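All remarks here apply to the structure that follows.
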Amino acid sequence: MRRSCPLIGMLLFALAVHAQEHNFNTTYIKPADTLVEKKIEAWQDLKFGLFMHWGTYSQWGVVESWSICPEDEGWTQRRGPYSASYYDYVKAYQNLQTTFNPVNFNPDKWAAAAKEAGMKYVIFTTKHHDGFCMFDTKQTDYKITSPKTPFSSNPKANVTKEIFEAFRKDGFMTGAYFSKPDWHSPDYWWPYFPPKDRNVNYDPAQYPDRWNAFKDYTYNQIQELMTGYGKVDVLWLDGGWVRPLSTVDKTVEWQRGIQYNQDIDMAHIAKMARSYQPGLMVVDRTVSGEFENYLTPEQTVPKEPLPYPWESCITMGNSWSYVPNDHYKSANTIIHLLLRIVSRGGNLLLNIGPSPLGDYSDTAYSRLKKIGAWMKVHGEAVYATKPLAPYEDGPVLYLQSKDKKTVYVYVLSDDKADEVVLPANISLQGIALNKKSRIVLLDEPKEKIKFKTEGGATTLSIPSSLQDKTVGKYAVAFKITL
Ligand code: GLC
């Protein structure tokens, strides 16, 4: 019998813990349904999507939902009015429903900006943990289309529908973010008991009728989303603490607080959802198995390619929700993130939080524009590409076309400067070229790039006309036809 090295074991354990804190781990079950598999393949080619967190919380410019969660974490702190007493705060928070009036809502404008940036799919928060529905549900009055909400009289009040329609018209795949936990539902946080943390506040095994009512509520809402909103490609289910107790992994810190079995019968939900939306990708986030069709590392880029479909969700600002004067990542940072993710075989889902009046900040639009200008030149070296070892080596990133006939080698700008300045020579690892190979720089396709291949390594000679000047911004790509 081989004895395992304790050091390697510890290292693997540390990696696994790190991975799981960030919402990805190593168990993946390939979907048996070929339509789902096909959809995943098509989605993997899109590379770049838009995430939007939008709800009544945007009016206070605070974190989405979490300020009503009675846990003492950095991101759950109560800010804004009524922050002293928990119950006063929750009342005022829920009352935000009566003032939500995003009169500048214009999803065509959002879709046009996202399309120009090169984004190809959209995931929208139809309901976050606070339970406020951004769609016209019949299951509760805590929704944007309730007469209590001023925006309900607007012809575009059913914002989920409007968003999906606008983006679909521009060729986007659409996805419904939906929180399984619902902190407004009396069948999740039963008002008889005070809520203690993010979890259900009673034991479902002891009060099965209440839990069944919650299951029905969830099923019915998802059914509404799958039937009244046109073609939906992704059902993105957040709130991984709503899961069968048997799937809890106590090595993951946030799962340690899960005491009760919170099984909502995903098989039943997925079957229903796919009966209306054939091929639907179901992302039961962090619950590894049949209903997590792709994995969703959060605010992080895996170091290596992952052996399953995945998408990193990352905020453009610091927050998922709208926060006035949020600090936005530069176009340079965003493009580098996108390329690092794509070079490891993933997609980037970039989040923007719309304002209480229903628009993005000027900074967000300006970032999208800059990304778009770059994408126009480099799109062919982003979409439908595949990772190529060694993936990343200093400022150099490697990608290849699906048919493996073309290699794309990127040189990234310095993190602090937008401009890329090329040296006289660039050596590439593991790429052997022959006499017929051709190399051009996508930014300056007329210039010929000479190269030398020796012992499996290739060196590019950059013509003096392209040296020591800005050849492009953020990242430039050499297209190598093998
Ligand atoms: C984090 C936040 C949650 C947000 C999610 C998006 O888990 O806590 O509010 O919806 O990220 O991935």
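If you're wondering where the values come from, they're calculated on a predicted model, not measured in any experiment. Start at 1 and go down the list; that is how both ligands and their atoms are numbered.
- At a heavy-atom distance under 4.0 Å, no atom of Trp75 approaches ligand 1.
- A side-chain donor from one of His53 and Asn351 sits under 3.5 Å from a side-chain acceptor of the other.
- The shortest side-chain heavy-atom distance between Ile123 and Leu50 does not fall under the 4.5 Å cut-off.
- No salt bridge links Lys215 with Asp265; every basic N to acidic carboxylate O contact stays at or beyond 4.0 Å.
- For the pair Lys120 and Tyr383, the cation sits on the ring face: its NZ or CZ lies under 6.0 Å from the ring centre, inside 45° of the axis.
- Neither the backbone nor the side chain of Trp254 comes within contact range of ligand 1; no heavy atom lies under 4.0 Å.
- Inspection of the Tyr328 and Asn318 side chains reveals no N or O donor paired with an N or O acceptor under 3.5 Å.
- Atoms of ligand 1 lying under 4.0 Å from at least one heavy atom of Trp236, given by number and element, are 12 (O).
- Counting heavy atoms under 4.0 Å from ligand 1, residue Asp238 touches it through the side chain alone.
- Ligand 1 places these atoms under 4.0 Å from at least one heavy atom of Cys313: 12 (O).
- The ligand atoms of ligand 1 that sit less than 4.0 angstrom from a heavy atom of Tyr177 are 10 (O).
- Residue contact check: His128 has heavy atoms under 4.0 Å from atoms 3 (C), 4 (C), 9 (O), 10 (O) of ligand 1.
- Looking at heavy atoms from C-beta onward, Leu245 lies out of side-chain contact with Gln262 at the 4.5 angstrom threshold.
- Under a 4.0 Å criterion applied to the non-hydrogen atoms of Trp66, ligand 1 contributes the atoms 2 (C), 3 (C), 8 (O), 9 (O).
- Considering backbone and side-chain atoms alike, His53 places an N or O below 3.5 Å from some N or O of ligand 1.
- In the model, Gln139 has a side-chain atom that pairs as donor or acceptor with a side-chain atom of Glu224 under 3.5 Å.
- Nearest to atom 2 (C) of ligand 1 by heavy-atom distance, out of Glu64, His129, Arg285, is Glu64.
- Between Asp284 and Arg243 no salt bridge is recorded (no basic side-chain N to carboxylate O distance below 4.0 Å).
- Of all atoms in ligand 1, numbered sequentially from 1 with element shown, those under 4.0 Å from a heavy atom of Glu298 are 1 (C), 5 (C), 7 (O), 11 (O), 12 (O).
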